[in-house]
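One structure is given below, encoded as structure tokens.
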Amino acid sequence: MSHSFHIPVLGLGYSIDTPLKVARYGISSVLSIVDDELVERMRAYHSQNRSVGYEPISNYETDSRSRRITAYLNFLSDCISQDFKILKQQDFIDEDDICRYFELLPDTSKLKHGYELMMEYPEGEAKQIFKSVLKNAMCMGNIDVNIMAKVDKMNYVDGEYTGDANTDALAALRGFAKSKLNASVVLSAGMNPKLYSYMEQFADFLPDKNTSLKKRIILKVSDFRSALIQAKFLAKKGLWVSEFRIESGLNCGGHAFATEGYLLGPILEEFKTKRSDMYRELFSMYQIALAHKGIQIEKEPKQKITVQGGIGTAAEHQFLLQHYQLDATGWGSPFLLVPEVTNVDAKTLTQLTAATEKDFYLSDASPLGIRFNHFRNSTIEQQRIERIEKGRPGSPCTKKYLCNNTEFTEQAICTASREYQHLKIKSLQMAGLPAEEYEKHFNEATGKVCLCEGLCSSTYLKYNILKPKENKSVAICPGPNLAYFSDVYSLDEMVGHIYGKNNLLTQVDRPHVFIKELNLYIDYLQEDIKKQLQHFSDKKIKQLNGFRLQLAEGINYYKKLFSEIADQASDDINQLYEQLARAKTKLDTLIVG
């Protein structure tokens, strides 16, 4: 692996073609394959842009969703391989991409040391040999894909169910599995046994004669217990988890899956402590399952552990890698301010650079009923309010990826849709509720926004391929960490910041990643307590007290950690202690029940 960071998935459209922009430099990134219409349109756009032949796959064709995804991933593979081949043919002349490849590497990289040494060599046969050695050591970044495992809508044609193999998640997986990529699928948003079992059908997820895996599995998880349960389920089917990608429950972008008060530091500590035992247990199950398939494996497969969510400085990046013995970190939201890497339209980009902490908040805007990191100034939020004021709340539901509600209909519909919100408001009006309660339920119902369109529109706007009458409103879901970055950056500047070559946050008052997450969790608990004030149940009191206890234990863990690392920490330890003390005081004021 060339780099010690990766770029996680960013919404539907924001990183849909990021591999095309960074993989040739050895940087790994993740794109979403939830929206096959977006995937198809991006294949059409980039095919025309690169003068490559393009055969459209109509939505009405058999297995179109899967085939569109396969076609796009094969297109990316071909283009990136060609770009990388061209890059490697260059002759190390200043400003060439091949020089950029090496200069982007961290200063600790042996490959970079070799490059710097080679550049000092006098011209001659030895230098040519040196160049050849360096070129042979170069590798592309991964073109990984993301599937939200539980976003798995059932599909119908003429009222007839098309079968389990054609649900959204399974069809997307099939599209990836049939592609030529040697890459990973990042499974997020919880466990889907049907999807996990389906992977067993594809040979690329099983080891070849050299025990290599062409298709690998990455689990995005927020705690150790969940990771182990899911990995065991897969191992018993002969499927290996090649990476656990630990994400902060709240200090992340997109959907937020809050733990029961478990903080990132203690979670990482548990993975560090139990990593070897977990590996042995999983490998034993894996060997047995493969033996039943007639596959003998002795060579132990690799298993990485990485972390993402709210990391913002080179010091944090390096500390997490070293202290918790991690393989890499993920940097997502800051790359939204890097136009050559992600797809943010000009207006939204300007808004993001001027945003402050209060502009990023945890909302109930997602139709999935999961808390969602939202940007207060987004044009889709403005549109939502305008529609309510006009007496027409909700969105036209054209893509239907997030249809999961059967409260009023036999087939599931989306809670952000105009249809659902009309039916919900009608039922509220008939319920004869007191004015205050009606308003509360009305606001809950109309608070949802259409993410299917909103998370794609920025891409269409940037590339000027928005169709007539298509929604121009943009939904964007950065993590709270983006508040501390306030400019537009180049790839070189952002990568340099990650590795400590430059500092994009000079004179910015930004809390440590652990402190920021802790305060987000305390705020989350405080909000949850307020919601229960009128009707605390014994079960809820127990849950809230457990949550509170975990936060208190997390604070004690951080006190001990900070005392242990005081000598090598670049952060002001006294300041960290003060921030912890303030957080503890705030937590102590929260009374449950």
Side-chain angles (χ1 to χ4, degrees), residues 1-7 18-19 21-29 80-81 83-144 182 243 302-308 311-331 334-335 338 340-341 489-506 565 567-570:
M1 187 169 64
S2 302
H3 289 273
S4 57
F5 79 94
H6 61 262
I7 303 174
T18 292
K21 302 166 183 178
V22 302
R24 66 181 179 273
Y25 300 118
I27 298 171
S28 297
S29 61
I80 292 166
S81 295
D83 291 346
F84 189 60
K85 181 179 178 182
I86 292 170
L87 182 149
K88 288 179 70 175
Q89 290 171 346
Q90 296 173 355
D91 196 30
F92 292 97
I93 298 170
D94 284 346
E95 306 303 321
D96 273 356
D97 258 5
I98 193 166
C99 292
R100 192 183 190 193
Y101 176 100
F102 286 95
E103 287 162 5
L104 283 169
L105 293 171
D107 290 338
T108 53
S109 165
K110 291 180 181 178
L111 198 56
K112 185 170 187 177
H113 292 165
Y115 162 75
E116 291 171 340
L117 189 61
M118 179 276 296
M119 292 296 278
E120 294 175 359
Y121 259 52
E123 291 296 335
E125 185 179 351
K127 185 163 187 169
Q128 293 306 313
I129 294 171
F130 209 157
K131 287 180 180 180
S132 179
V133 169
L134 287 174
K135 287 182 178 183
N136 287 335
M138 294 168 67
C139 60
M140 295 191 302
N142 291 336
I143 310 166
D144 295 328
N182 185 332
E243 181 183 333
K302 292 180 180 178
Q303 189 172 77
K304 296 178 181 179
I305 297 181
T306 64
V307 66
Q308 61 195 45
I311 306 164
T313 67
E316 290 174 355
H317 168 75
Q318 201 59 38
F319 167 73
L320 290 166
L321 292 179
Q322 292 178 352
H323 186 78
Y324 295 106
Q325 298 163 19
L326 301 174
D327 297 283
T329 68
W331 287 65
F335 275 100
V338 184
E340 63 183 298
V341 173
Y489 308 106
S490 68
L491 173 63
D492 306 72
E493 286 174 321
M494 188 57 71
V495 174
H497 175 77
I498 292 169
Y499 291 141
K501 301 173 191 176
N502 52 273
N503 185 2
L504 303 180
L505 301 181
T506 306
I565 64 170
D567 292 339
Q568 71 253 32
S570 59

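Atom set for the values below is all heavy atoms of this structure, side chains included, hydrogens, waters and symmetry mates excluded.
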SB check Lys131 Asp91 (cutoff 4.0 Å):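 Salt bridge present between Lys131 and Asp91.
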Under the side-chain contact (heavy atoms from CB on, under 4.5 Å) rule, collect the residues that match up with [X], sequence neighbours excluded.
X: Lys88; result: Phe84, Lys135, Met138
X: Asn503; result: His497, Leu505, Thr506
X: Glu340; result: Arg100, Val338, Ser490, Leu491
X: Asn136; result: Ser132

I need the minimum non-hydrogen distance between [X] and [Y], along with the two atoms involved.
X: Cys99; Y: Ile93; result: SG-O, 3.4 Å
X: Asn502; Y: Leu504; result: ND2-CD2, 3.5 Å
X: Ser2; Y: Tyr101; result: OG-OH, 3.1 Å
X: Val341; Y: Thr18; result: O-OG1, 2.8 Å
X: Met494; Y: Tyr489; result: CE-CD1, 3.6 Å
X: Leu105; Y: Lys501; result: O-NZ, 2.8 Å

Candidate pair Val495 and Ile27, rule side-chain contact (heavy atoms from CB on, under 4.5 Å), full reasoning: CA-CA 10 Å; Val495 174; Ile27 298 171; 4.2 Å; yes
Any side-chain heavy-atom pair of Pro106 and Lys112 under 4.5 Å: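 A side-chain contact is absent here, since even the closest heavy-atom pair is not under 4.5 Å.
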Tyr499 and Thr108, any side-chain heavy atoms less than 4.5 Å apart: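 Not in contact.
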Quick one: does [X]'s side chain have a donor or acceptor within less than 3.5 Å of a partner on [Y]'s backbone?
X: Asp492; Y: Leu104; result: no
X: Thr306; Y: Ala328; result: no
X: Thr329; Y: Phe5; result: no
X: Gln90; Y: Ile98; result: yes
X: Gln318; Y: Ala314; result: no

Pair listing, ring-ring contact (aromatic ring centres under 6.0 Å, His included) test, anchored in residues 122-142, at least two apart: Tyr121-Phe130
Just how far is it from atom [atom1] of [X] to atom [atom2] of [Y], taken to the nearest 0.5 Å?
X: Asp107; Y: His113; atom1: CG; atom2: NE2; answer: 6.5 Å
X: Lys127; Y: Leu134; atom1: NZ; atom2: CG; answer: 10.5 Å
X: Leu321; Y: His317; atom1: CG; atom2: NE2; answer: 4.5 Å
X: Ile565; Y: Gln322; atom1: CD1; atom2: CD; answer: 11.0 Å
X: Met140; Y: Leu87; atom1: CE; atom2: CG; answer: 11.0 Å

Pairing residues for Tyr115 by the ring pair (Phe, Tyr, Trp, His ring centres under 6.0 Å) criterion, not counting sequence neighbours: Phe102
Other residues, nucleotides, ligands: >12 heavy atoms within 6.0 Å of Gln89 CD: yes
Phe319 and His323 aromatic ring geometry - parallel, tilted or perpendicular at 30°/60° bounds: parallel
Verdict with supporting geometry, His6 and Ser29, side-chain contact (heavy atoms from CB on, under 4.5 Å): CA-CA 6 Å; His6 61 262; Ser29 61; over 6 Å; no
